Enquirer: 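Handing you this structure, nothing more for now.
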Amino acid sequence: MLSPQAFDFPLYGVCLEQQGVSGQDLIRLIRRRSPAGILAISNQHGDGFVAALEAGADMVLRQDAPPDHLLAAFHALERRTLSGAPATPRTPWTLLDAQSVLLAPDGTRIPLGDSDRTLLRCFARAGNGRVVRRVLIENLWGKEAGAMDNALHVTLYRLRKRIEQAGQSPVPVHSVSRVGYEFRAPLVCV
């Protein structure tokens with residue numbers, strides 16, 4: 001889950017019993033950000049079966065299931081997610097700059113603040129949607145701004161939350177390790 005593309009995979013296998021983040025919390029996190037198939041692996045007694053399904057898992061197998069059952073489960077989830085999933089929208093995200101609105105591909109209108117608009121303008125101008133931190137900082141706070149990495153992180157977090165709260169998942173704004181941030185979807189500014 002530490003990968004910059006952590007929510008871009010079509011399938012996930014999640015052990016319910018693990019150190020750190022609980023398996024059910026991890027399933028909820030994946031489900032909020034991705035339509036991917038999720039196979040939960042429970043303990044040998046099957047504890048957590050109902051909780052895993054309620055958290056968003058598509059299927060639950062016991063830890064002692066034979067390897068061919070595990071493989072069959074992943075193949076079944078793969079068929080569902082790859083053939084039954086809606087096609088990637090061809091309609092781009094649209095920044096309606098004068099209206100301070102981000103228009104999602106499904107038509108949802110997301111109201112924006114000034115800093116949100118500034119960030120989205122930067123993403124729209126970038127050919128691949130990827131913008132280095134310094135460019136974002138200078139566009140937000142001017143060329144004289146010093147190291148504002150924490151403020152930038154908070155500003156981007158707020159933009160992500162605004163998009164997520166509008167019902168858009170997965171959110172196309174991602175960090176790029178040692179570079180900056182990117183908007184991983186077509187984006188136009190009008």
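A quick note: this is a predicted structure, and the numbers were derived from the prediction, not measured.
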Enquirer: Out of curiosity, does Leu96 fall in the hydrophobic cluster containing Leu187 (side-chain heavy atoms, cut-off under 4.5 Å, transitive links)?
Expert: no
Enquirer: Nearest 0.5 Å, please: how far is CZ in Arg133 from CZ in Arg178?
Expert: 10.0 Å
Enquirer: Run the numbers on Leu16 and Asn43 for side-chain contact (heavy atoms from CB on, under 4.5 Å), then give the verdict.
Expert: CA-CA 8 Å; Leu16 295 177; Asn43 64 24; over 6 Å; no
Enquirer: Report the residue from Asp116, Asp97, Asn139 that forms a side chain to side chain donor-acceptor pair (under 3.5 Å) with Arg121.
Expert: Asp97
Enquirer: To the nearest 0.5 Å, what is the distance between NE2 (His75) and CG (Leu11)?
Expert: 10.0 Å
Enquirer: Is atom CG of Asn150 surrounded by more than 12 heavy atoms (other residues, nucleotides or ligands) closer than 6.0 Å?
Expert: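 Atom CG in Asn150 is not crowded, with 12 or fewer foreign heavy atoms closer than 6.0 Å.
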Enquirer: Checking side-chain contact (heavy atoms from CB on, under 4.5 Å) for the pair Arg125/Val135: CA distance, chi angles, key distance, verdict?
Expert: CA-CA 11 Å; Arg125 281 192 303 257; Val135 169; 5.9 Å; no
Enquirer: Taking all non-hydrogen atoms of both residues into account, name the closest pair between Gln168 and Thr108 and its distance.
Expert: NE2-OG1, 3.1 Å
Enquirer: Given the rule that I, L, V, M, F, W and Y join up when any side-chain heavy atoms are under 4.5 Å apart, are Val21 and Phe9 in one cluster?
Expert: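 Shared cluster, yes.
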Enquirer: Quick one: sort the Phe123 and Phe183 rings into parallel, tilted or perpendicular, breaks at 30° and 60°.
Expert: tilted
Enquirer: Are Trp141 and Val132 co-members of a hydrophobic cluster defined by side-chain heavy atoms under 4.5 Å apart?
Expert: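 Same cluster: Val132 reaches Trp141 through Ile, Leu, Val, Met, Phe, Trp or Tyr contacts under 4.5 Å.
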Enquirer: Quick check on the hydrophobic clustering: are Tyr157 and Tyr181 connected, directly or via other members, by side-chain heavy-atom contacts under 4.5 Å?
Expert: no
Enquirer: When hydrophobic residues are tied together by side-chain contacts of less than 4.5 Å, even through go-betweens, does Val101 share a cluster with Trp93?
Expert: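 As far as the 4.5 Å side-chain criterion goes, Trp93 and Val101 are not connected within one cluster.
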